[in-house]
Protein chains: 2
Amino acid sequence: MTNSIETRSFCCPDHSGQAPAQAILAQAESRVKAQGLRLTPVRRRTLEILLQAHGALGAYDVLEKLAADGFGAQPPVAYRALNFLVDHGLAHRIRRLNAFTACAHPGHDHRAAFLICETCDSVTEAPSEAVGTALGKAARDMGFELSRATIEAVGQCRDCRNGTPTQQGGLS
Amino acid sequence: MTNSIETRSFCCPDHSGQAPAQAILAQAESRVKAQGLRLTPVRRRTLEILLQAHGALGAYDVLEKLAADGFGAQPPVAYRALNFLVDHGLAHRIRRLNAFTACAHPGHDHRAAFLICETCDSVTEAPSEAVGTALGKAARDMGFELSRATIEAVGQCRDCRNGTPTQQGGLS
DNA sequence: GCCTTGACTGTTATGATATAACATAAGATA
DNA sequence: TATCTTATGTTATATCATAACAGTCAAGGC
């Protein structure tokens, strides 16, 4: 493996270094507090785990890491923390993978679209204003009032198309 | 329950009568045969079950009905048939619901978007050319080559917004 | 301070969804 | 019919997710 952090540019550019993750954590902390909620140790650690992962993690992967850190070792521990993060815009659920990923752009509400690479399993959040607009229109044309949407694309990421596939499924 | 078939106009208009379902089955038969494949009894019956359902059905719901008809009663029986239908464009998988629904427009390949009503659980296939185009562009801008996508919207359907909610989760 | 209250965590138990692996049967082809 | 391929059925197990309840902790009122 010759993958320096620099060669893995496609997946999670925002997470690659230490600083951005710290920044996101701090941002999450204040954002959550502003809503009168608490970023408790489990929740904070869960977010850290997601931020450190390049790609999405299953709930049981997260659970394993939480348990190793001394938190509870039963599924509800992980699911509760993950659902909290998802409910408050700090993480996303990737349904196709039965997995979760940290939100790359917390702080502003947004419709998210995900690009899932079949070769390296990376999951990238793509800007999706236009997609959301188109979907909203299609729904409205059918008399449907849209509240939220899941948009997940499967294909091949830039790096893998360029012949520099990297294994990014787990922690870095 | 006073729901005549007519009042349930939002969900699956194409499936509501007997004739369209028969037409879709016939179309499926020839389409599959043209590809050198077979629409075997389990597969055919599975498609019928999906066509008769207003809304999406879970694999175990389908399995139960198949078993009642004398087919195998173990999960792989249902999953194999369902996966066959999905792989050949005769059904769709609704990931948010862990469920399956018959394709409303078989015969032409298309990107499908689904509108899932939170009130009555109906699942409607919406035209999604524009959504697909927007998503394709967003992906291309990130160097991602898109092969297929899951687009699922959650909200409230026309009937439920108009105050005529109907229970449409299962068979008619 | 300390007590109440509500939110959070941990645990047990179970439910729901999905697939691997292998044996048998049915269709197609020569 | 012999053979090959595809499909079906079964057993067993993997994987994902939640209900329900008991104990714990933090914040605000007294």
Side-chain angles (χ1 to χ4, degrees), chain A residues 28-29 32-47 49-50 56-88 90-101 121 150 152 169-170, chain B residues 28-29 32-47 49-50 56-88 90-101 121 150 152 169-170:
Chain A
E29 190 109 42
V32 157
K33 198 168 285 174
Q35 295 180 258
L37 302 161
R38 295 180 313 168
L39 193 64
T40 60
V42 218
R43 292 168 177 174
R44 186 188 172 86
R45 182 72 190 110
T46 300
L47 181 52
I49 289 167
L50 292 182
L57 289 182
Y60 280 71
D61 295 328
V62 171
L63 178 60
E64 201 175 312
K65 296 177 197 309
L66 286 175
D69 288 349
F71 294 102
Q74 305 308 318
V77 171
Y79 280 101
R80 278 193 293 237
L82 288 165
N83 287 331
F84 174 89
L85 296 176
V86 170
D87 288 346
H88 297 92
L90 302 173
H92 298 284
R93 185 168 202 154
I94 310 297
R95 308 211 78 113
R96 178 173 287 266
L97 303 177
N98 291 325
F100 299 83
T101 188
D121 293 325
T150 298
E152 297 172 2
Chain B
E29 190 110 42
V32 157
K33 198 169 285 175
Q35 296 180 257
L37 302 160
R38 296 181 310 168
L39 193 65
T40 61
V42 219
R43 291 168 179 175
R44 186 188 171 86
R45 182 71 191 112
T46 301
L47 180 53
I49 289 167
L50 292 181
L57 290 182
Y60 281 74
D61 296 328
V62 171
L63 178 59
E64 201 175 311
K65 296 178 197 308
L66 287 174
D69 289 349
F71 294 102
Q74 305 307 317
V77 171
Y79 280 101
R80 277 194 292 238
L82 289 165
N83 286 330
F84 174 89
L85 296 175
V86 170
D87 288 347
H88 297 92
L90 301 172
H92 297 285
R93 186 169 200 154
I94 311 296
R95 307 212 80 112
R96 179 173 287 267
L97 303 176
N98 290 326
F100 299 82
T101 187
D121 293 326
T150 298
E152 297 172 1

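Worth saying up front: this structure is predicted, and the values here are computed from it rather than measured. A, B, ... follow the sequence lines: proteins, then strands. Residue 1 opens every chain.
- Put simply, CG on B:Leu57 is 16 Å from P on C:dA16, counting in whole angstrom units.
- For A:Arg44, the salt bridge (charged side-chain N to carboxylate O under 4.0 Å, His left out) criterion is met by A:Glu29, A:Glu48, not counting sequence neighbours.
- Only one option out of A:Leu50, A:Val86, A:Ile94 pairs with A:Thr101 in a side-chain contact (heavy atoms from CB on, under 4.5 Å); it is A:Ile94.
- For residues 74-88 of chain A, the set of pairs meeting the side chain to side chain donor-acceptor pair (under 3.5 Å) definition, not counting sequence neighbours, is empty.
- For A:Thr40, a side-chain nitrogen or oxygen approaches OP1 or OP2 of C:dT9 to under 4.0 Å.
- Summarising the geometry, atom CG belonging to B:Leu97 is positioned 7.0 Å from atom CD belonging to B:Glu152; distances are rounded to the nearest 0.5 Å.
- Atom C1' of nucleotide D:dA27 and atom CG of A:Leu37 are separated by 14 Å, given to the nearest angstrom.
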Within the sub-3.5 Å range, which N or O atoms of nucleotides 16-18 of chain D have a protein N or O partner, and how far apart are they?
{"from": "D:dA17", "atom 1": "OP1", "to": "A:Arg93", "atom 2": "NH2", "distance (Å)": "2.8"}
{"from": "D:dA17", "atom 1": "OP2", "to": "A:Tyr79", "atom 2": "OH", "distance (Å)": "3.0"}
{"from": "D:dA17", "atom 1": "O5'", "to": "A:Tyr79", "atom 2": "OH", "distance (Å)": "3.3"}
{"from": "D:dA17", "atom 1": "N7", "to": "A:Tyr60", "atom 2": "OH", "distance (Å)": "2.7"}
{"from": "D:dA17", "atom 1": "N6", "to": "A:Tyr60", "atom 2": "OH", "distance (Å)": "3.3"}

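- Note: CG (B:Asp61) to P (C:dA18) measures 11 Å, nearest angstrom.
- Residues passing the side-chain contact (heavy atoms from CB on, under 4.5 Å) test with B:Val77, sequence neighbours excluded: B:Val42, B:Leu63, B:Leu66.
- Atom CG in A:Leu63 sits about 10 Å away from atom P in C:dT11, given to the nearest Å.
- Phosphate proximity of C:dC8 to A:Arg43: present, with a side-chain N or O under 4.0 Å from OP1 or OP2.
- The distance from atom CG of A:Asp87 to atom C1' of C:dC8 is 15 Å, rounded to the nearest whole Å.
- Contacts classified as salt bridge (charged side-chain N to carboxylate O under 4.0 Å, His left out) and involving residues 68-77 of chain A (residues at least two apart or in different chains) are given here: A:Arg45-A:Asp69.
- Put simply, CZ on A:Arg80 is 12 Å from C1' on D:dG23, counting in whole angstrom units.
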query = What one-letter contact string describes nucleotides 23-30 of chain C from 5' to 3', where B marks a base within less than 4.0 Å of any protein heavy atom, S marks contact via sugar-phosphate atoms alone, and - marks no contact?
reply = ----S---
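- We find that CG of A:Asp69 is positioned 16 Å from C1' of C:dG10, with the value rounded to whole Å.
- A:Leu85 and A:Leu39 get closest at one heavy-atom pair: CD2-CD1, 4.4 Å.
- Side-chain polar atoms of A:Thr150 and B:Arg96 form a donor-acceptor pair below 3.5 angstrom.
- The CG-P distance, from A:Leu82 to C:dC8, rounds to 15 Å in whole Å.
- Nearest heavy-atom pair across A:Leu57 and A:Lys65 is CD1-CE, 4.2 Å.
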